[in-house]
Amino acid sequence: MLDRRFIRDHPDAVREAARAKGIDLDVDELLQTDKSVRNLQHELDDAQAERKSSARQFARADEARRAELRAGQAELDGRLRQLRDELAEASAQLQELMLRTPTIPWEGAPVGADESANVTIRTWGEPPSFDFEPLDHVELLEKRGWAEFARARKVAGERAYALRGDAVLLERALHSYAIDMLLNRDFTVISVPSLVKEEALIGTGQFPGHREETYAIPADDLYLAGTAEVALVGMHSGEILDKKQLPVRYAGISPCFRREIGSAGRDVRGLLRVHQFEKVEQFVICEADAAESDRWHAELLSTAEHLLQGLGLHYEVVETSTGDMGIGKYRMNDINTWFPSLNRFRETHSCSSLHDWQARRANLRYRDTDGTVRFAHTLNNTAIATPRLLAALVENDQAATGEIRVPEVLRPYLRQRELL
RNA sequence: GGUGGAGUCGCCUAGUGGCCGAGGGCGCACGCCUCGAAAGCGUGUGAGGGGGCAACCCCUCCGUGGGUUCAAAUCCCACCUCCACCGCCA
């Protein structure tokens, strides 16, 4: 969501942002609706003031005066009802438009319709070289008895999986490694609900745009969140934090659920795209300052890179284009990790700055040192999402025997074993 | 799942239809006093929207949404959340 005053003052910037992000939004309609909401509100205010003063006079009035007042009140009531209806309708229309209004993307974002316009800004490491024919993660996991696909799909359908044995320990080691790194950076570890209310999903911006991506539990009016960010924003929604509490830094842990409706039939093999996965998410609430926001963006990105560097995984960092970053993002950098079986990179991390777009939706504010109440900035980035990263790890670190060389950083979590 | 109780301005609390256009205390801020502080005294102390060059003014908000009434924090209904007990349960 944007500031209505900002939209009034900079309609061209909003128009340009919508165009760059490929969002269908009629800014003139938005401006007109905003104008009529304000006009109606003003009329209603005046009528309301009149009505209140009439009711106040009533108590002290004699019978004759009361009859007179009643007549005036009846007339006013009709007018009030009409104004309220008109205002409610205009407000609903405005809200609908506001929810579809994008953040203005940063000036460095490549302009383009989709991911083909993304730009690789750096790469780290080298693809591993093998003196044997490497297996893909599905073959490898099955060879080691580390995963069950057929049986899992028997109970849970397509894209289901079960991890077994050392694969589970390895997955847990990845999460522990990420959590410890974030703890060292003054993040607070927090496990959050995945089962969330609709308002939480509107607050983060998943709704109304990507409803079809989210599992719904209609019997209880709940949904399964695709990321811990939904609960983390929701938990602070409606709050006014003190400036001293900022920045809020969370390592949010949760199971994540995604319907993958837009990619039906793609990546159906293995662990690359599943409906249920485990994620440690980096999440920051900071003050509403572009430079501060930028610093945190760099910090979150750098932490994710450190994690991958520690694991010795080859990756690239991508500057995401306006058309690929989504409605609420100011800036987005994906990190794509190398998958030997695919002979290419696949997205394993996504680092996003939302500026105050999300905070406005969720009504998440803080009191600045001068006493002013402002909408905060929010940012998020993956720390570790498995099993996708687990798949990358086993593919990259496999030996000819099918054993896995454990990266040094994970050994403390695996009883110092060097090979699995 | 059942029964009972509760949700008021950061915190505690007053408030059972019009003097609530929300009172008091704590906390906080500023001032007086003081060498300085404490205590004491005084003043101030929420959010949103709108209008005005400005001092300032108007409207909305007492968990949320409806309803009754000329008038609702107060009465009625639904929902949300919390507490207690019973049942069930990892």
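Numbers restart at 1 for each chain; the letters A, B, ... are given by sequence-line order, proteins then strands. Since we're looking at a predicted model, the values are computed, not measured.
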Given the [atom1] atoms of [N] and [M], what is the spacing between them in whole Å?
N	M	atom1	value
B:rC12	B:rC28	C1'	15 Å
B:rA14	B:rU8	P	11 Å
B:rA47	B:rG42	C1'	28 Å
B:rC75	B:rC26	P	30 Å
B:rU60	B:rA73	C1'	15 Å
B:rU13	B:rC9	P	11 Å
B:rC79	B:rG4	P	14 Å
B:rA38	B:rG49	C1'	44 Å

For [N], the Watson-Crick or wobble counterpart (both distances under 3.5 Å):
N	value
B:rA84	B:rU3
B:rC62	none
B:rC53	none
B:rC26	B:rG10
B:rU74	none

Aromatic A:Trp146 / basic A:Arg164 pairing, under 6.0 angstrom, 45° off normal: no
When you measure from the centre of the six-membered ring of A:Tyr413, is the NZ or CZ of A:Arg172 under 6.0 Å away and within 45° of the axis? no
Please examine the side chains of A:Ile285 and A:Leu364, heavy atoms only from C-beta on, and report whether any two atoms are closer than 4.5 Å. yes
Evaluate the side-chain proximity of A:Ser353 to A:Asp294: yes if any heavy-atom separation is below 4.5 Å, no if none is. no
[atom1] of [X] versus [atom2] of [N]: gap in Å, rounded?
X	N	atom1	atom2	value
A:Asp242	B:rA29	CG	C1'	14 Å
A:Phe58	B:rG17	CZ	P	18 Å
A:Leu44	B:rG51	CG	P	15 Å
A:Glu239	B:rC11	CD	P	11 Å
A:Glu43	B:rU60	CD	C1'	17 Å
A:Glu50	B:rC58	CD	P	15 Å
A:Lys197	B:rC79	NZ	P	13 Å
A:Asp220	B:rU81	CG	P	11 Å

Pick from A:Glu229, A:His236, A:Gln358, A:His355: which one makes a side-chain hydrogen bond (donor to acceptor under 3.5 Å, both in side chains) with A:Thr378?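 Checked A:Glu229, A:His236, A:Gln358, A:His355 against A:Thr378; only one passes side-chain hydrogen bond (donor to acceptor under 3.5 Å, both in side chains): A:Gln358.
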I need the single residue from A:His275, A:Arg259, A:Gln276 that forms a side chain to side chain contact (heavy atoms under 4.5 Å, CB included) with A:Arg159. Which is it? A:His275
Nucleotides 71-78 of chain B: which of its N/O atoms have a protein N/O under 3.5 Å away?
from   : atom 1 : to      : atom 2 : distance (Å)
B:rA71 : OP1    : A:Arg51 : NH2    : 3.4

Under 4.0 Å between a Lys/Arg side-chain N and an Asp/Glu carboxylate O for [X] and [Y]?
X	Y	answer
A:Glu319	A:Arg331	yes
A:Asp166	A:Arg417	yes
A:Asp28	A:Arg15	yes
A:Arg100	A:Asp24	no

Taking the six-membered ring for Trp and the full ring for Phe, Tyr or His, determine whether the centres of A:Phe375 and A:Tyr366 are under 6.0 Å apart.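 No, the ring of A:Phe375 stays outside the 6.0 Å limit from the ring of A:Tyr366, centre to centre.
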Under 4.0 Å, heavy atom to any atom of RNA chain B: which of residues 65-75 of chain A qualify?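 Contacting residues: A:Gln73.
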Between the protein and nucleotides 61-63 of chain B, are there any N/O to N/O pairs under 3.5 Å, and if so, what are the atom names and distances?
none

Side chain to side chain contact (heavy atoms under 4.5 Å, CB included), that's the test. Do A:Asn363 and A:Ser237 meet it? Break it down for me. CA-CA 5 Å; A:Asn363 196 24; A:Ser237 70; 5.7 Å; no
A:Gln93 vs A:Glu89, side-chain hydrogen bond (donor to acceptor under 3.5 Å, both in side chains): CA-CA, chis, key distance, verdict: CA-CA 6 Å; A:Gln93 196 190 347; A:Glu89 195 184 323; over 6 Å; no
Mark yes when over 12 heavy atoms from residues, nucleotides or ligands other than A:Glu75 sit less than 6.0 Å from its CD; otherwise mark no. no
Can you pull every protein N or O that's under 3.5 Å from an N or O on nucleotides 46-50 of chain B?
from   : atom 1 : to       : atom 2 : distance (Å)
B:rA47 : OP1    : A:Arg367 : NH1    : 3.4
B:rA47 : O3'    : A:Arg365 : NH1    : 3.0
B:rA47 : O2'    : A:Arg365 : NH1    : 3.3
B:rG48 : OP1    : A:Arg365 : NH1    : 3.4
B:rG49 : N2     : A:Asp45  : OD2    : 2.9
B:rG50 : OP1    : A:Arg8   : NH2    : 3.2

When you measure from the side-chain N and O atoms of A:Lys52 to the phosphate of B:rU60, is any distance below 4.0 Å, counting only OP1 and OP2?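 Yes, such a contact exists.
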For residues 33-43 of chain A, which residue pairs pass the salt bridge (charged side-chain N to carboxylate O under 4.0 Å, His left out) check, not counting sequence neighbours?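 Those involving residues 33-43 of chain A are A:Arg4-A:Asp34, A:Arg8-A:Asp34, A:Asp34-A:Arg38, A:Glu43-A:Arg79.
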Pairs under 3.5 angstrom only: tabulate donor-acceptor contacts from the side chains of residues 188-202 of chain A to other protein residues two or more places apart or in another chain.
from     : atom 1 : to       : atom 2 : distance (Å)
A:Ser194 : OG     : A:Pro255 : O      : 2.7
A:Glu198 : OE2    : A:Arg211 : NH1    : 3.4
A:Glu198 : OE2    : A:Arg211 : NH2    : 2.3

